[in-house]
Chemist: 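Quick one: the structure is below, and I'll ask about it shortly.
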Protein chains: 2
Amino acid sequence: MKSAMRIGELGQSTGVDIETIRYYEKTGLLKNPERSSNGYRAYGPEHLERLSFIRHCRALDMPLADIKRLLEFVENPAADCGGIDQLISTQLSRVRARLKSMRALEQQLTALRNSCDTNHSASECGILHELVAAAQGETCACHRNAPSATTPDPPSDKRHKE
Amino acid sequence: MKSAMRIGELGQSTGVDIETIRYYEKTGLLKNPERSSNGYRAYGPEHLERLSFIRHCRALDMPLADIKRLLEFVENPAADCGGIDQLISTQLSRVRARLKSMRALEQQLTALRNSCDTNHSASECGILHELVAAAQGETCACHRNAPSATTPDPPSDKRHKE
DNA sequence: CTTGACCTTGGAGCAACTACAGGGTGTGTA
DNA sequence: TACACACCCTGTAGTTGCTCCAAGGTCAAG
């Protein structure tokens, strides 16, 4: 019982901001650590492991709620793992869908950027013209060059549901 | 002056949620429309055009702040357009960077998913083993198969700065 | 005995919406 | 005329995953 780390050390060894660690604790992802006499958080190796696990999952872009579920499986190894597979597959489709629209997006932006070559006034700027035309539904360079999708997908910042 | 639309119509014809329209107004992206005697918002064709412009830019995943700047160029066509080019280029690099890490991510998830084949208990689940191993820094299928990046990039939900 | 690095809590703020409560308006129909 | 119902209004709070801040406690070195 000498390996107890304080939050700063844990942050250092995992590369995680201490505010983020406290946030994980607050939201129940990371277990409440012991406290030393002065009230400081005292972490053991199990916390380091768990935090690394969380970060690895986050690097896979999984939502915290999913990570929480995975952690439950880790805690409870007797449970049926069907859910895990499901969870990863869902994440994979999310990523693939996003990837697809990102590719279209890149094409469009590239086309757009190519329509502005030199310094001139905004009224002569190809980019601006393209954007305005696009808004009016006319063919624009970005749509001409785009693979198939007319508009990749309406902003889709709704990863937090569905 | 009979083409005035109410918010519902504008939403319908652009495919934008009315809450979102009001949000755009509140944050200054969309100009305050006239109000009819009953206090309802009365939009003209210029609003429709502007809103379409915004949505097209959002479909290109541009942050609202950037769109605001673009709109200023639209309003003020005499300005030098150097900034526009810059803006699009920045957006393009953002997208490309994200694309790159998403590709690595897809690889990793694919590898992960392949390590779970049938129904069994969590303690025997390949996915879970891989994840735990990965967290411990050991080689795991996802890292073995990944192209170059060990970890694609720490969550990087910090697009709102840098 | 003060400086400085570290730790504590609670709360606010970021993007870009989304949802809701609690109310007003306006049209169609019984 | 009464009522339902679709639409509109405002304002506020919630979402995700952090990030930052203020105001203060702890502890070792100089």
Side-chain angles (χ1 to χ4, degrees), chain A residues 4-30 32-43 47 51 54-69 91 94 98 153-162, chain B residues 4-30 32-43 47 51 54-69 91 94 98 153-162:
Chain A
M5 291 180 281
R6 294 189 308 186
I7 199 167
E9 273 174 277
L10 182 62
Q12 280 271 284
S13 42
T14 52
V16 180
D17 191 298
I18 58 165
E19 303 272 16
T20 303
I21 297 176
R22 284 198 277 250
Y23 171 74
Y24 287 162
E25 179 181 330
K26 194 166 52 184
T27 54
L29 255 98
L30 211 50
N32 293 30
E34 313 256 299
R35 298 297 184 123
S36 33
S37 50
N38 53 14
Y40 290 8
R41 288 171 178 80
Y43 295 102
H47 288 102
L51 182 55
I54 295 170
R55 289 314 267 190
H56 187 75
C57 293
R58 284 295 297 135
L60 295 175
D61 217 18
M62 287 186 219
L64 295 184
D66 286 9
I67 299 175
K68 213 164 188 171
R69 290 200 52 212
Q91 178 61 13
R94 265 201 294 262
R98 186 91 181 113
D153 57 13
S156 81
D157 253 24
K158 51 188 57 145
R159 355 152 214 194
H160 42 296
K161 62 170 34 180
E162 96 213 25
Chain B
M5 291 179 283
R6 296 189 307 186
I7 199 167
E9 274 175 275
L10 183 62
Q12 280 271 282
S13 42
T14 52
V16 179
D17 191 299
I18 60 166
E19 305 270 18
T20 304
I21 297 176
R22 285 198 277 250
Y23 171 73
Y24 287 162
E25 179 181 329
K26 194 166 55 186
T27 53
L29 255 97
L30 211 49
N32 293 31
E34 313 257 299
R35 298 298 183 121
S36 31
S37 50
N38 53 14
Y40 291 7
R41 289 171 178 81
Y43 295 102
H47 289 101
L51 182 54
I54 295 171
R55 289 314 268 191
H56 188 75
C57 293
R58 283 295 297 133
L60 295 174
D61 218 17
M62 287 185 218
L64 295 185
D66 286 10
I67 299 176
K68 213 163 187 170
R69 290 200 51 214
Q91 178 61 13
R94 266 200 295 260
R98 185 86 182 120
D153 55 13
S156 82
D157 254 25
K158 51 187 58 145
R159 359 155 207 192
H160 42 297
K161 60 169 39 176
E162 96 212 25

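Order of the sequence lines sets the chain letters (A, B, ...), proteins ahead of strands, with each chain counted from 1. Only a predicted model underlies this, so the values are computations on that prediction, with no experimental measurement involved.
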Chemist: Rounded to the nearest angstrom, tell me the gap between atom CD in B:Gln91 and atom P in C:dA15.
Modeler: 15 Å
Chemist: Work out how much the helix from C:dC1-D:dG30 to C:dA30-D:dT1 bends between its end axes, five pairs an end, to the nearest 10 degrees.
Modeler: 30°
Chemist: Round to the nearest Å and state the distance from B:Lys68 atom NZ to C:dA16 atom P.
Modeler: 11 Å
Chemist: Whether A:Asp66 and A:Arg58 form a salt bridge (side-chain N of Lys/Arg under 4.0 Å from carboxylate O of Asp/Glu) is what I want to check.
Modeler: no
Chemist: Calculate the interatomic distance between A:Glu25 atom CD and C:dT9 atom P; express it in whole Å.
Modeler: 7 Å
Chemist: Quick check on DNA chain C: between B:Glu19 and B:Met62, whose nearest nucleotide comes earlier from the 5' end?
Modeler: B:Met62
Chemist: Would you check, one step at a time, whether the test salt bridge (charged side-chain N to carboxylate O under 4.0 Å, His left out) holds for A:Asp17 with A:Arg22?
Modeler: CA-CA 9 Å; A:Asp17 191 298; A:Arg22 284 198 277 250; over 6 Å; no
Chemist: Are any of the side-chain nitrogens in A:Arg41 or A:Glu25 under 4.0 Å away from the carboxylate oxygens of its partner?
Modeler: yes
Chemist: Can you measure A:Lys26 atom NZ to D:dT19 atom P for me and round it to whole angstrom units?
Modeler: 13 Å
Chemist: CG of A:Asp66 versus P of D:dT16: gap in Å, rounded?
Modeler: 11 Å
Chemist: Find the distance between CG (B:Leu10) and CE (B:Met5) and round it off to the nearest 0.5 Å.
Modeler: 5.0 Å
Chemist: Answer with yes or no whether B:Tyr40 presents, from its side chain, a donor or acceptor under 3.5 Å of a partner atom in the base of C:dG26.
Modeler: no
Chemist: Working to the nearest 0.5 Å, report the span between NE2 of B:His56 and OG1 of B:Thr14.
Modeler: 14.5 Å
Chemist: State the CG-CD1 distance between A:Leu29 and A:Ile54, to the nearest 0.5 angstrom.
Modeler: 4.5 Å
Chemist: Side-chain N or O of A:Asn38 versus OP1/OP2 of D:dG25: is the shortest distance under 4.0 Å?
Modeler: no
Chemist: Mind calculating the distance between CD1 (B:Ile21) and P (D:dT10) to the nearest angstrom?
Modeler: 13 Å
Chemist: Could you check which residues of residues 11-18 of chain A get a heavy atom under 4.0 Å from DNA chain D? Sort them by number, please.
Modeler: none
Chemist: Looking at B:Tyr43, is its backbone amide N or carbonyl O close enough to the side chain of B:Glu34 to form a donor-acceptor pair, meaning the two atoms are under 3.5 Å apart?
Modeler: no
Chemist: Rounding to an integer number of Å, can you tell me how far A:Ile7 CD1 sits from C:dT9 C1'?
Modeler: 12 Å
Chemist: Just by modelled atom types, is the B:Val16 backbone N or O under 3.5 Å from a matching donor or acceptor in the B:Thr20 side chain?
Modeler: no
Chemist: Given 3.5 Å as the limit, does a donor-acceptor pair link the side chain of A:Lys26 with the main chain of A:Ile21, or not?
Modeler: no
Chemist: Does a side-chain N or O of B:Arg41 approach OP1 or OP2 of D:dC9 to a distance below 4.0 Å, or not?
Modeler: yes
Chemist: Hey, is CD on A:Glu9 packed in by over 12 heavy atoms from elsewhere, all under 6.0 Å?
Modeler: yes
Chemist: A:Arg35 or B:Thr20: which one's nearest nucleotide on DNA chain C is closer to the 5' end?
Modeler: A:Arg35
Chemist: Nearest-Å distance, OH (B:Tyr43) to C1' (D:dC9)?
Modeler: 11 Å
Chemist: Taking N and O atoms by type only, does the side chain of A:Tyr24 place a donor or acceptor under 3.5 Å from a partner on the base of D:dG17?
Modeler: no
Chemist: Taking for each residue the nucleotide of DNA chain D bearing the nearest heavy atom, is the 5' side occupied by B:Arg22 or by A:Ser37?
Modeler: B:Arg22
